[in-house]
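A short write-up of the structure that comes next.
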Amino acid sequence: KIYFMERLKIFFLIILCNIYVYSISVSEENIKNGNSLEIKILDKVNSKNSSLLLKIGEEKKFQNLMIKALRCNNSKFDDTPEVTAYLQVKDLNFVDKDKVFVFNDWTFASSPSLKPFDHPVYDIWLTKCIY
């Protein structure tokens, strides 16, 4: 019976340690991931520049584009942090049923040409994560 109680104490201690470590990792993840982001959109036809604020997980319509931000991160290891975001963009006028998104990838604030948003009318680039 004593042996069983000792093992039970160790078991509960291990569970408490795992819960503590998990709660720390979840809180650190929430610190570095933004709740929303800001993007700039250039209309190439009329040379008009607009800002759009998106909450993570929210879909927002801009002209004939439907834009959804899935994630926004600031790297915390660099002296000059890199801002990255995962965006999905649909062109509502696009009729090709085989292609859902005109853009579905990570974008980088410091290097928008690394993963360019290629559209005949609009340019989109990330400016910042907002916490």
Side-chain angles (χ1 to χ4, degrees):
K1 183 166 180 143
I2 293 174
Y3 179 71
F4 176 75
M5 293 303 288
E6 289 299 317
R7 289 188 78 178
L8 192 59
K9 286 180 188 177
I10 292 171
F11 176 75
F12 281 117
L13 181 62
I14 290 171
I15 293 211
L16 287 174
C17 288
N18 284 335
I19 290 171
Y20 176 72
V21 168
Y22 176 75
S23 67
I24 289 174
S25 67
V26 167
S27 64
E28 284 180 358
E29 188 72 19
N30 289 338
I31 289 171
K32 71 178 182 176
N33 292 333
N35 299 324
S36 55
L37 58 89
E38 181 184 66
I39 59 173
K40 298 280 187 180
I41 303 172
L42 172 66
D43 185 331
K44 298 176 197 176
V45 174
N46 63 16
S47 299
K48 187 173 181 181
N49 196 4
S50 303
S51 292
L52 188 64
L53 185 65
L54 290 164
K55 290 182 181 176
I56 301 299
E58 173 187 49
E59 232 179 8
K60 210 173 231 187
K61 186 176 179 191
F62 178 84
Q63 304 293 340
N64 62 329
L65 298 179
M66 189 63 76
I67 305 167
K68 184 175 185 179
L70 297 177
R71 191 156 185 173
C72 191
N73 298 327
N74 280 334
S75 63
K76 62 181 183 176
F77 298 111
D78 299 332
D79 292 336
T80 55
E82 175 65 66
V83 180
T84 60
Y86 196 92
L87 297 177
Q88 292 180 329
V89 183
K90 297 177 191 174
D91 187 337
L92 301 176
N93 292 337
F94 200 59
V95 292
D96 185 4
K97 300 295 181 192
D98 293 332
K99 189 172 181 181
V100 177
F101 301 107
V102 290
F103 186 80
N104 184 21
D105 210 340
W106 288 95
T107 184
F108 303 88
S110 66
S111 303
S113 62
L114 191 61
K115 299 273 185 155
F117 174 74
D118 189 24
H119 193 272
V121 178
Y122 302 104
D123 272 340
I124 293 179
W125 66 96
L126 173 66
T127 55
K128 63 182 172 181
C129 289
I130 302 168
Y131 296 93

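Everything numeric here is computed off the predicted structure, so don't read it as measured data.
Residue pairs satisfying the side chain to side chain donor-acceptor pair (under 3.5 Å) criterion with at least one member in residues 57-68, sequence neighbours excluded, are listed as follows: Asn64-Asp91, Asn64-Tyr122.
For Trp125, there are no ring pair (Phe, Tyr, Trp, His ring centres under 6.0 Å) partners, not counting sequence neighbours. Contacts of Asp43 classified as salt bridge (Lys or Arg N to Asp or Glu O under 4.0 Å), with partners at least two apart in sequence or in another chain: none.
Between Ala109 and Glu82 the shortest heavy-atom distance is N-OE2, 3.4 Å. Annotation for Leu126 and Thr107: closest pair CD2-O, 3.9 Å, computed over non-hydrogen atoms. The heavy-atom pair separating Val102 from His119 by the smallest distance is CG2-CD2, 4.5 Å. Taking each heavy atom of Thr84 and Cys129 in turn, the nearest pair found is O-SG, 4.1 Å. Pairing each heavy atom of Leu37 with each of Arg71, the nearest pair is CD2-O, 4.2 Å. The two residues Leu70 and Ile56 have their closest heavy-atom pair at O-CG2, 3.2 Å.
Hydrophobic clustering places Leu52 together with Val45 (ILVMFWY residues linked when any side-chain heavy atoms are closer than 4.5 Å, directly or through intermediates). Phe103 is connected to Val121 through a chain of hydrophobic side-chain contacts under 4.5 Å among Ile, Leu, Val, Met, Phe, Trp and Tyr, so both are in one cluster.
Summarising the geometry, atom CG belonging to Leu65 is positioned 12.0 Å from atom NZ belonging to Lys90; distances are rounded to the nearest 0.5 Å. A distance of 12.5 Å separates CD1 of Ile67 from CZ of Phe101, quoted to the nearest 0.5 Å. Rounding to the nearest 0.5 angstrom, the gap separating the CD1 atom in Ile124 from the CG atom in Asp118 is 11.5 Å.
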(request) Give the C-alpha distance, both sets of side-chain angles, the deciding distance and a yes or no for side chain to side chain contact (heavy atoms under 4.5 Å, CB included) between Val89 and Phe117. (result) CA-CA 9 Å; Val89 183; Phe117 174 74; 3.7 Å; yes
(request) Check the pair Tyr86, Asn104 against side chain to side chain contact (heavy atoms under 4.5 Å, CB included), reporting the backbone distance first and the verdict last. (result) CA-CA 7 Å; Tyr86 196 92; Asn104 184 21; 3.1 Å; yes
(request) For the pair Ile130 and Asn35, evaluate side chain to side chain contact (heavy atoms under 4.5 Å, CB included) and give the outcome as yes or no after the intermediate values. (result) CA-CA 6 Å; Ile130 302 168; Asn35 299 324; over 6 Å; no
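With hydrogens and angles ignored, the 3.5 Å screen pairs a side-chain donor or acceptor of Thr127 with a backbone N or O of Glu38.
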